[in-house]
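Worksheet for the structure shown next.
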Amino acid sequence: MVTADPTLINIADIIVLHTGVPDNWLVKCQAPIIWVIHGRPLACFRPELQNKTNSYSLYQNIAQWQRSKKMVHFWEEHIPHWDIFIPQEKQYCFDYPVIDENRFNSNGQTHTLTNKGKYNILICDSSREDIDLYELVIGCIEAVKVIPDLKFHFYGFDFPIPNCWNIVLGKLKELGGLGDVSGRVGNMELVYRSCDCLISPNRIITRTIAEALSCGIPVISELGCKVADYTCNMANTKDVVEAIQLFVNDFDNNRHKDGVLERAKLFNMKNYSQKMNKIYEEVLK
């Protein structure tokens, strides 16, 4: 993949688009458009609800364009959300995200954790606006009270951290369970490989879940996640503690990575490319 001069759009056969291309470029060429839309409908709906942007209405509008041949999205759970305004013949749903296995794999270098424990659990969804880590972290605090040597490492925080988070993380630190706290980093594959487990509040298979599995570490996620090793009700602190305890038991018996890399094959770039090629062929007809 290379970055090309934008004048290339004048002779394009297909335009694959997510966001960020000015309208004046799109109208210079009448090539058909394949839109890659947001993975989460809520990520479109909520900003408009908060008067930040018209993202949800915009998708409803462009779905009607004759040039919009396909609207590609992820996770079959979201099909009913997009069915509201995207004709079914224009939809294409991928079951799983695609992950670059050249970067995200179980081999290679690791990041050095500065505050390491026996069990190192990674949390890296703190920057998203359409989920909340609060209830999950309360469950982690309860887990530290009954499971010695747990360390929770937070990556992806936007600084300065709001004081409400300082209060919650302060309690985790007081109990000895706070590991590293970091902003966004560029080489997350090193961070995944340095940890023993990822815990995520998501039910859908987000990039962080798929990347962690691709790096060979198990995942604790929300009930209903189709690829997670352990699932629980993240709003129920007892459930969170029990899921972490199951991971710890498997870790102690060296079976926590069983089947992880096999599931990571679901995110294979080759499979994704074959499906995308079929979309290109259909659109060009």
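If you read the sequence from its start, that first residue is 1, and numbering goes on from there.
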Separation between CD1 (Ile217) and CZ (Phe247), nearest 0.5 Å, reads 8.5 Å

Across all chains, not counting sequence neighbours, the side chain to side chain donor-acceptor pair (under 3.5 Å) partners of Glu242 are none

The reported gap from SG in Cys93 to NE2 in His73 (rounded to nearest 0.5 angstrom) is 5.0 Å

Q: Could you tell me whether the side chain of Lys151 reaches within less than 4.5 Å of the side chain of Leu178, counting heavy atoms only?
A: no

Original post:
Quick one: are Val72 and Ile37 in side-chain contact, heavy atoms under 4.5 Å?
Top reply: no

Interatomic distance, OG1@Thr110 vs CG@Asn107, rounded to 0.5 Å, equals 12.0 Å

Q.
Same cluster or not: Val27 versus Val16, using hydrophobic residues (I, L, V, M, F, W, Y) connected whenever any side-chain heavy atoms lie under 4.5 Å apart?
A. no

Requested in this report: Spell out, as yes or no, whether a donor-acceptor pair under 3.5 Å connects the side chain of Asn236 to the backbone of Lys238.
Outcome: yes

- Might you confirm whether atom CD of Glu89 has over 12 heavy atoms from other residues, nucleotides or ligands at distances under 6.0 Å? yes

- Any chance CG of Asn253 has more than 12 other-residue heavy atoms, nucleotides or ligands included, within less than 6.0 Å? yes

Hey, is CZ on Phe45 packed in by over 12 heavy atoms from elsewhere, all under 6.0 Å?
no

_Quick check on the hydrophobic clustering: are Trp65 and Ile84 connected, directly or via other members, by side-chain heavy-atom contacts under 4.5 Å?_
yes

Measuring only between side-chain heavy atoms, which start at C-beta, is Thr206 closer than 4.5 Å to Pro97? no

Neighbour count above 12 (heavy atom, 6.0 Å) for Lys28 NZ | yes

Check your understanding: Are any side-chain N or O atoms of Asn105 and backbone N or O atoms of Asn102, one a donor and one an acceptor, separated by less than 3.5 Å?
Key -> yes

**Prompt:** Judged by modelled atom types alone, do Gln91 and Asp83 share a side-chain donor-acceptor pair under 3.5 Å?
**Reply:** yes

When every non-hydrogen atom of Ala264 is compared with those of Leu213, the smallest separation belongs to CB-O, 3.8 Å

Worksheet entry | Tyr192 vs Cys124 side-chain heavy atoms within contact, under 4.5 Å | yes

Report task. Taking the side chain as every heavy atom from C-beta outward, state whether Cys195 and Leu113 have any pair of such atoms under 4.5 Å apart. Result -> yes

- Item | Side-chain H-bond candidate by donor/acceptor type, Ser55 with Thr53, under 3.5 Å | no

Chi angles and distances behind the side chain to side chain donor-acceptor pair (under 3.5 Å) call for Glu48, Ser57
CA-CA 8 Å; Glu48 186 163 345; Ser57 299; 2.4 Å; yes

In the structure I gave you, are the side-chain heavy atoms of Phe74 and Asp95 within less than 4.5 Å of one another anywhere? no

**Asked** Any chance the side chains of Thr7 and Asp5 put a donor and an acceptor closer than 3.5 Å?
**Response** yes

Is there a side-chain contact between Leu198 and Ile123 (heavy atoms, below 4.5 Å)?
-> no

Kindly check if the number of other-residue, nucleotide or ligand heavy atoms within 6.0 Å of NZ (Lys226) is above 12?
yes

Output for pair (Leu26 CG, Ile33 CD1), nearest 0.5 Å, gives 5.0 Å

Enumerate donor-acceptor pairs with a distance under 3.5 Å from any side-chain N or O in residues 269-283 to protein atoms, sequence neighbours excluded.
from, atom 1, to, atom 2, distance (Å)
Ser273, OG, Met269, O, 2.9
Asn277, ND2, Ser273, O, 3.4
Glu282, OE2, Lys70, NZ, 3.2

(request) Examine Ile79 and Trp82 and state if one hydrophobic cluster contains both, with Ile, Leu, Val, Met, Phe, Trp and Tyr joined whenever side-chain heavy atoms are less than 4.5 Å apart. (result) no

Among the clusters formed by ILVMFWY side chains lying less than 4.5 Å apart, do Leu223 and Ile138 turn up in the same one? no

So that I can tick it off, tell me whether Lys118 and Asp196 are bridged by a salt bridge, with the cut-off set at under 4.0 angstrom between side-chain N and carboxylate O. no

message: Quiz question: by atom type and distance under 3.5 Å, do the side chains of Asp229 and His256 form a donor-acceptor pair?
response: no

task = Assert yes or no for the condition that the ring centre distance of Tyr56 to Phe85 is strictly below 6.0 Å.
result = yes

Measure from the side-chain N and O atoms of Arg263 to the backbone N and O of Val227, and report whether any donor-acceptor pair falls under 3.5 Å. yes

Answer yes if the side chains of Arg207 and Asn202 hold a donor-acceptor pair under 3.5 Å, and no otherwise.
-> no

Q.
Taking Ala31's backbone N and O only, do any of them form a donor-acceptor pair with Arg67's side chain (distance below 3.5 Å, no angle check)?
A. yes

Checklist entry - Quick one: does Leu17's side chain get under 4.5 Å of Val36's, heavy atoms only? => result no

- prompt: Can you find a side-chain donor-acceptor pair between Asn54 and Tyr59 that sits under 3.5 Å?
  reply: no

| message | In this structure, is the centre-to-centre distance between the rings of Trp75 and Tyr96 below 6.0 Å? | response | no

I want to know whether Tyr155 and Phe157 have ring centres closer than 6.0 Å.
no

Do the side chains of Glu101 and Lys265 get close enough for a salt bridge, i.e. N-O under 4.0 angstrom?
no

Sequence neighbours excluded, the answer for side chain to side chain donor-acceptor pair (under 3.5 Å) partners of Tyr230 is Asp250

| Are Leu8 and Ile15 connected, step by step, through hydrophobic side chains (Ile, Leu, Val, Met, Phe, Trp, Tyr) whose heavy atoms are closer than 4.5 Å? | no

